[in-house]
Amino acid sequence: MMQFMLLFSRQGKLRLQKWFTAYPDRTKKKITRELIALVLARKPKMCSFLEWKDLKIVYKRYASLYFCCAIENDDNELLTLEVIHRYVELLDKYFGSVCELDIIFNFEKAYFMLDEFLLGGEVQETSKKNVLKAIAAQDLLQEEETPQGFFEDHGLG
Amino acid sequence: MPTVKGDGMRGLAVFISDIRNCKSKEAEIKRINKELANIRSKFKGDKTLDGYQKKKYVCKLLFIFLLGHDIDFGHMEAVNLLSSNKYTEKQIGYLFISVLVGASNELMKLVIQSIKNDLTSRNPTHINLALHCMANIGSREMADAVGSDIPKLLVSGDTIDSVKQSAGLTLLRLLRASPDMIPIGEWTSRIIHLLNDQHMGVVTSATSLIEALVRKNPEEYKGCVSLAVSRLSRIVTSSYTDLQDYTYYFVPAPWLSVKLLRLLQNYPPPEDPSVRTRLTECLETILNKAQEPPKSKKVQHSNAKNAVLFEAINLIIHMDSDPNLLVRACNQLGQFLQHKETNLRYLALESMCLLATSEFSHEAVKKHQDTVITALKTERDVSVRQRAVDLLYAMCDRSNAEEIVGEMLEYLESADYSIREEMVLKVAILAEKYAVDYTWYVDVILNLIRIAGDYVSEEVWYRVIQIVINRDDVQGYAAKTVFEALQAPACHENMVKVGGYILGEFGNLIAGDPRSSPLVQFQLLHSKYHLCSPNTRGLLLSTYIKFINLFPEIKTSIQEVLGSDNNLRNPDVELQQRCIEYLQLSTVASSDVLATVLEEMPPFPERESSILAKLKKKKPTAAPEGETKEKEHRAIPQAQINSSETSAAPPAASTTITLGGSSAGGGGTVDLLGLEPTPPAPSAAVSSGLNFLVDVFGDQPSSTTNGFDSTFGSGSGGLTPGAEENYKKFICKQNGVLFENDLLQIGIKSEYRQNLARVGVFFGNKTTFQFTNFVSDLVLPGNLSSALSVQPKPVDPTVDGGAQVQQLFNIECKDEFSEAPLLNISFTYSGKVQRLCLKLPVIINKFLEAAEMNSEAFFTRWKALSLPEQECQKIFKAQYPQDTEQVKQKILGFGLSILLGIDPNPDNFVSSGVLHTRNQQVGCLVRLEPNKQMQMYRLTIRSTKPSISQALGALLETQF
């Protein structure tokens with residue numbers, strides 16, 4: 001089972017965090033700091049897998065973003081790399097060549113997408129089509145529900 | 001500003017770009033505080049906010065939280081959003097709850113109510129939101145409240161596929177949070193049949209659930225094996241076009257394949273011949289595909305394909321029954337060892353470690369020895385080199401030990417610091433295990449000290465001394481070799497220790513050679529004396545007194561040294577005392593008395609140890625070869641190293657001065673062989689009482705591995721050996737292994753809430769045979785039955801091979817207590833009745849609840865508890881490294897808080913807690929003052945009840 005997934009930039013800024021097991025906030029911050037430092041210190045061409053405490057870390061860099069997952073000992077490392085890749089593909093398809101900014105400004109969407117793909121630390125749906133269909137349905141609902149006209153939000157509140 | 005997807009919240013986007021435009025951290029904090037104030041006033045204002053506004057502000061709070069700031073309001077508004085009938089508002093509400101609200105939050109009741117409502121909704125998107133939330137933060141409370149509704153959703157014909165998928169994994173989460181809660185029995189067959197579902201997504205999700213259920217109860221779910229095999233078979237034989245969107249870069253359903261292959265690793269090879277043949281065909285097909293030319297050059301293709309391949313190899317290793325498959329797997333991995341992808345080389349080394357432990361493939365693995373040695377020398381990534389070390393260790397046997405140990409020693413000279421300690425241990429174990437010629441063993445260990453002295457832990461050099469003492473054929477050689485090693489101008493202090501000890505015992509064996517005459521030996525050792533730490537000096541002083549016995553001719557030179565001002569008035573009490581006593585002994589005692597007192601050390605008691613077998617099961621890579629090899633080694637006495645048990649003390653301890661032992665009740669800082677508690681070991685990993693060298697790889701209780709006979713033989717009502725020590729390990733932790741031997745592992749998981757406890761005991765059958773007549777009874781000795789009320793759940797009378805069963809105890813603490821409940825276990829294994837009696841780690845401090853208070857409140861209470869009997873003070877020596885973080889963890893684990901800013905000295909720990917029993921609540925205040933220089937602690941406990949102060953003091957005293 002995947003324990004958590006972190007997305008962070010080359011500068012070490014955390015962009016998305018998804019925890020599949022409960023940790024206290026303080027521990028989360030500590031883990032995040034430690035792992036960001038650990039992964040950023042690694043050179044290209046190094047192995048994408050690390051042993052860390054009693055977990056395995058699998059990471060991959062896409063442009064300016066690092067995707068980093070912690071999995072358990074009996075989980076499959078190579079397939080975790082492809083979990084990351086599939087998530088990137090999903091984001092890419094949805095945002096249209098995704099960049100770091102898309103994830104910053106639409107963090108809630110990134111979370112919703114992840115929930116459709118991974119649930120409780122396990123892969124739920126591997127079909128790109130099905131995940132995107134579910135997200136498109138959500139967007140449709142959002143459009144229908146967003147207030148229009150007089151009450152339009154001008155971003156002032 | 002990039003476009004916001006869908007028709008998002010513009011206010012949120014504006015805020016985010018404001019934050020991004022902040023030039024400094026201060027500006028960002030200012031902007032955030034402004035926003036927080038704004039949101040707070042909106043939430044507090046009398047104007048009711050519409051759902052959209054609420055959603056927007058909640059989302060802003062979420063963003064602020066994700067930036068790393070604390071959020072202490074808005075939770076209620078988020079909960080309100082849950083009951084909105086607008087999807088997007090609900091969705092943001094659930095997101096906020098999932099990210100920000102812990103299971104212990106008091107709002108959880110409201111959240112659960114909303115979840116309940118949404119689960120009964122007719123709108124599947126609402127059901128899914130509720131399920132996702134539970135899958136994210138599912139807790140015992142949720143399982144209790146709604147757990148029973150989920151299986152229905154999962155198997156009902158009316159449920160749409162996407163809901164089924166979510167329900168499967170939600171149920172998995174609830175099962176993890178609350179293993180005993182969900183009534184699963186009646187659903188078994190319907191859940192198993194989800195493996196046949198037409199929708200691949202449903203199967204993907206259900207397979208994970210089924211694996212978790214199988215682990216809990218393999219027998220009940222046995223039916224899944226044939227279904228899983230046929231599903232797998234259909235996937236691996238399908239063409240990549242068959243599965244449409246479930247094909248990933250030309251690989252059909254890799255995720256599902258891997259899950260199915262993992263599921264099958266919970267069972268032995270299928271009994272039904274047709275199922276078995278089909279599975280073998282699947283595995284062969286997967287191996288064949290690895291040889292086919294790739295359908296795509298993309299790394300995704302090869303990753304997905306190899307992910308399935310590695311999982312198939314794991315299954316082949318797990319079944320460990322088909323030599324043909326094992327050897328094919330080994331050859332395949334051999335190809336990967338030289339692959340250009342670092343990831344594949346890494347995984348191949350890792351998998352091969354497992355193959356090396358199978359009798360069918362051990363020889364095949366050995367063929368790759370040269371490649372692995374090259375990897376050790378040339379890989380650029382230390383984590384890959386580490387795997388190479390592991391594999392060399394795993395493939396080592398008597399035929400190649402000299403070569404492998406030689407290569408590892410050579411590599412050690414340039415090895416990364418991060419892996420040196422582990423390498424030293426591995427080399428030491430291999431050298432001992434496969435030594436035919438013990439002079440070789442001595443050379444290897446001395447080389448270890450020479451090359452990596454700093455990383456040679458005490459266990460390693462204790463061990464070489466034990467072996468030399470127990471084997472008289474190697475003593476002369478050892479004396480000669482250490483003498484030579486000590487000639488080096490700079491030699492490591494560990495070398496001085498080993499040299500001092502060995503020459504003190506066996507220096508006479510080389511004294512005939514004028515180059516190593518008694519005086520030369522003494523002068524050589526003494527030339528190192530001034531460069532050494534007090535510990536080593538103490539040891540050398542003992543060597544000197546032993547020399548007086550061995551070599552009366554140099555008595556005066558030694559007495560001069562013992563009687564020098566520098567020694568007799570040494571500020572170190574231990575050294576001073578040794579000098580005075582040794583000097584006196586050498587003056588007053590006749591040579592007969594001296595000869596008796598300073599006799600050669602007796603051999604260390606022989607101990608049979610099944611520890612390597614245990615190690616093999618626990619961490620296959622850590623134990624080379626099988627038990628057959630080990631048996632040849634039974635001849636070698638395997639003494640305990642530094643256990644505090646009496647059996648480790650030399651039998652003649654009362655009359656013989658052991659080299660390390662202090663002759664009087666002094667500080668005893670250099671005890672070598674266990675007259676005093678373990679001295680702080682150099683690394684945390686090796687700090688707890690070790691019986692045998694290899695144990696340092698395990699994190700499990702070490703003293704439980706005595707042969708089975710000694711564990712079960714007596715049949716008397718007494719505790720099983722090791723039970724007491726293991727019980728003590730639970731003082732500061734709730735979960736862990738309580739007992740383990742060749743047959744059985746017993747784990748504990750416990751939870752405490754005020755005066756209530758729920759203790760799960762997990763019995764794991766490590767054999768492949770069934771235990772029958774399995775009984776586990778809890779006994780409350782003495783007046784414990786009036787202090788605790790216990791409701792045990794019965795446990796199944798049979799435990800299948802490889803299975804784990806759980807027994808749950810609900811316990812209420814009515815009054816304070818000091819004794820521990822006893823767990824009497826008995827079962828029949830291969831016709832013999834086995835009995836165990838263990839202490840269940842239900843300890844009074846478990847009912848402590850940490851309490852927070854400020855310094856004023858603390859001091860007022862502290863002063864109020866000023867009666868002498870309310871206080872318990874202990875001063876004691878540190879048993880473990882005085883690491884602040886570890887001490888903190890232990891205090892927290894003990895059930896106390898860590899209060900900051902109260903003690904003026906930041907090194908001190910101040911804590912408080914409330915002890916809950918049904919009849920009373922007792923507040924406790926604790927102060928722990930470490931003295932790092934002296935490696936001592938002072939512990940002060942005050943509470944309203946004297947007996948509680950004493951009880952907690954006695955428990956805490958043993959922990960640091």
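Chain A is the first sequence line, chain B the second, and so forth, proteins listed ahead of strands; every chain is numbered from 1.
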Item to check | Region of A:Lys60 in contact with chain B, defined by heavy-atom distances below 4.5 Å | outcome: side chain

Item to check | Interatomic spacing from OG in B:Ser205 to CD in A:Glu122 - rounded to 0.5 Å | outcome: 9.5 Å

Checklist entry - Given that the side chain runs from C-beta out, which part of B:Tyr249 has a heavy atom under 4.5 Å from chain A: side chain, backbone, both or neither? => result side chain

Item to check | Greatest number of heavy atom pairs closer than 4.5 Å to chain B - which of A:Cys47, A:Ala22, A:Gly120 | outcome: A:Cys47

Checklist entry - At a heavy-atom separation under 4.5 Å, does A:Glu82 approach chain B through its side chain, its backbone, both, or neither? => result both

Checklist entry - Do A:Gln124 and B:Ser166 get their side chains close enough for a donor-acceptor pair, meaning under 3.5 Å? => result yes

Item to check | Check: B:Leu95 and A:Phe112 side chains under 4.5 Å, non-hydrogen atoms | outcome: yes

Checklist entry - Taking side chain as C-beta onward, heavy atoms only, is A:Glu125 less than 4.5 Å from B:Gln165? => result yes

Item to check | Any side-chain heavy-atom pair of B:Lys298 and A:His85 under 4.5 Å | outcome: no

Checklist entry - Has the side chain of A:Lys129 got a donor or acceptor atom that lies under 3.5 Å from a matching backbone atom of B:Asp245? => result no

Next on the checklist: Quick check on B:Arg20 against chain A: is it the side chain, the backbone, both or neither that has a heavy atom closer than 4.5 Å?
Outcome noted: side chain

Item to check | Part of A:Asn73 lying under 4.5 Å from any heavy atom of chain B | outcome: neither

Checklist entry - Do you know which two heavy atoms are closest between B:Arg173 and A:Phe20, and how far apart they sit? => result NH1-O, 2.8 Å

Checklist entry - Would you say the side-chain atoms of A:Asn76 pair up with the backbone N or O of B:Ala307, donor to acceptor, closer than 3.5 Å? => result yes

Item to check | Max heavy-atom pair count under 4.5 Å with chain A, selected residue of B:Ile39, B:Leu169, B:Asn306 | outcome: B:Leu169

Checklist outcome for this item: Honestly, the part of A:Asp74 sitting under 4.5 Å from a heavy atom of chain B is both

Checklist outcome for this item: Taken to the nearest 0.5 Å, the spacing of B:Asn343 CG from A:Ser48 OG works out to 3.5 Å

Checklist outcome for this item: Given B:Asp161, B:Leu347, B:Thr247, B:Leu344, the one with more heavy-atom pairs under 4.5 angstrom with chain A than any other is B:Leu347

Item to check | Exercise: do A:Asp115 and B:Tyr94 side chains pair donor with acceptor under 3.5 Å | outcome: no

Checklist entry - Do any N or O atoms from the side chain of B:Asn303 and from the backbone of A:Leu78 form a donor-acceptor pair under 3.5 angstrom? => result no

Item to check | Contact winner vs chain A - B:His199, B:Arg262, B:Glu89, B:Met134, heavy-atom pairs under 4.5 Å | outcome: B:Arg262

Next on the checklist: Just verifying a value: how many Å separate A:Arg86 CZ and B:Gln300 CD, rounded to the nearest 0.5 Å?
Outcome noted: 10.0 Å

Checklist entry - Within a reach of under 6.0 Å around CD of A:Glu34, are more than 12 heavy atoms found that belong to other residues, nucleotides or ligands? => result yes

Checklist entry - Should A:Glu51 and B:Arg387 be marked as a salt bridge (Lys or Arg N to Asp or Glu O under 4.0 Å) after you check the CA-CA gap, both sets of side-chain angles, and the distance that decides it? => result CA-CA 10 Å; A:Glu51 280 190 332; B:Arg387 289 288 87 82; 3.0 Å; yes

Checklist entry - Taking B:Thr207, B:Thr204, B:Thr125, B:Leu66 one by one, which has the highest count of heavy-atom pairs under 4.5 Å against chain A? => result B:Leu66

Item to check | Any A:Phe107 side-chain heavy atom under 4.5 Å of B:Leu62 side chain | outcome: yes

Next on the checklist: Could you report the tightest heavy-atom contact between A:Leu119 and B:Ala135, atom names first, then the distance?
Outcome noted: CG-CB, 3.5 Å

Checklist outcome for this item: So, the part of B:Gln265 with a heavy atom under 4.5 Å from chain A: the answer is neither

Next on the checklist: Around atom NZ of A:Lys13, are there more than 12 heavy atoms from other residues, nucleotides or ligands closer than 6.0 Å?
Outcome noted: no

Checklist entry - Tell me, side chain or backbone of A:Leu140 under 4.5 Å from chain B's heavy atoms, or both, or neither? => result neither

Checklist entry - Do A:Gln142 and B:Gln91 have side chains that get closer than 4.5 Å, going by heavy atoms? => result no

Checklist entry - With only heavy atoms counted, which part of A:Phe49 is less than 4.5 Å from chain B, the side chain, the backbone, both or neither? => result both

Next on the checklist: Minimum heavy-atom separation for B:Ser383 and A:Arg42, please, with both atom names.
Outcome noted: OG-NH2, 3.7 Å

Item to check | Best-contacting candidate, B:Glu311, B:Met200, B:Glu379, B:Arg176, against chain A by heavy atom pairs under 4.5 angstrom | outcome: B:Arg176

Checklist entry - Just by distance, with hydrogens left out, do A:Tyr111 and B:His132 show a side-chain donor and acceptor under 3.5 Å apart? => result no

Checklist entry - Just how far is it from atom CD of A:Gln138 to atom CG of B:Asn128, taken to the nearest 0.5 Å? => result 9.0 Å

Checklist entry - Judged by atom type as modelled, is there a donor-acceptor pair below 3.5 Å linking the side chain of B:Lys259 to the main-chain atoms of A:Val123? => result yes

Next on the checklist: Return the CD1 to CD1 distance between A:Ile104 and B:Ile16, rounded to the nearest 0.5 Å.
Outcome noted: 8.5 Å

Checklist entry - What is the distance from atom NZ of A:Lys133 to atom OG of B:Ser162, rounded to the nearest 0.5 Å? => result 9.5 Å

Checklist entry - Just checking, any donor-acceptor pair under 3.5 angstrom between side chains of B:Tyr248 and A:Glu89? => result no

Item to check | Which atoms of A:Lys43 approach chain B - backbone, side chain, both or neither, heavy atom under 4.5 Å | outcome: neither

Checklist entry - What part of A:Lys128 is in contact with chain B, defined as an atom under 4.5 angstrom from a non-hydrogen atom: side chain, backbone, both or neither? => result both

Checklist outcome for this item: Minimal heavy-atom distance between A:Val83 and B:Trp255, with the atoms involved, is CG2-NE1, 3.3 Å

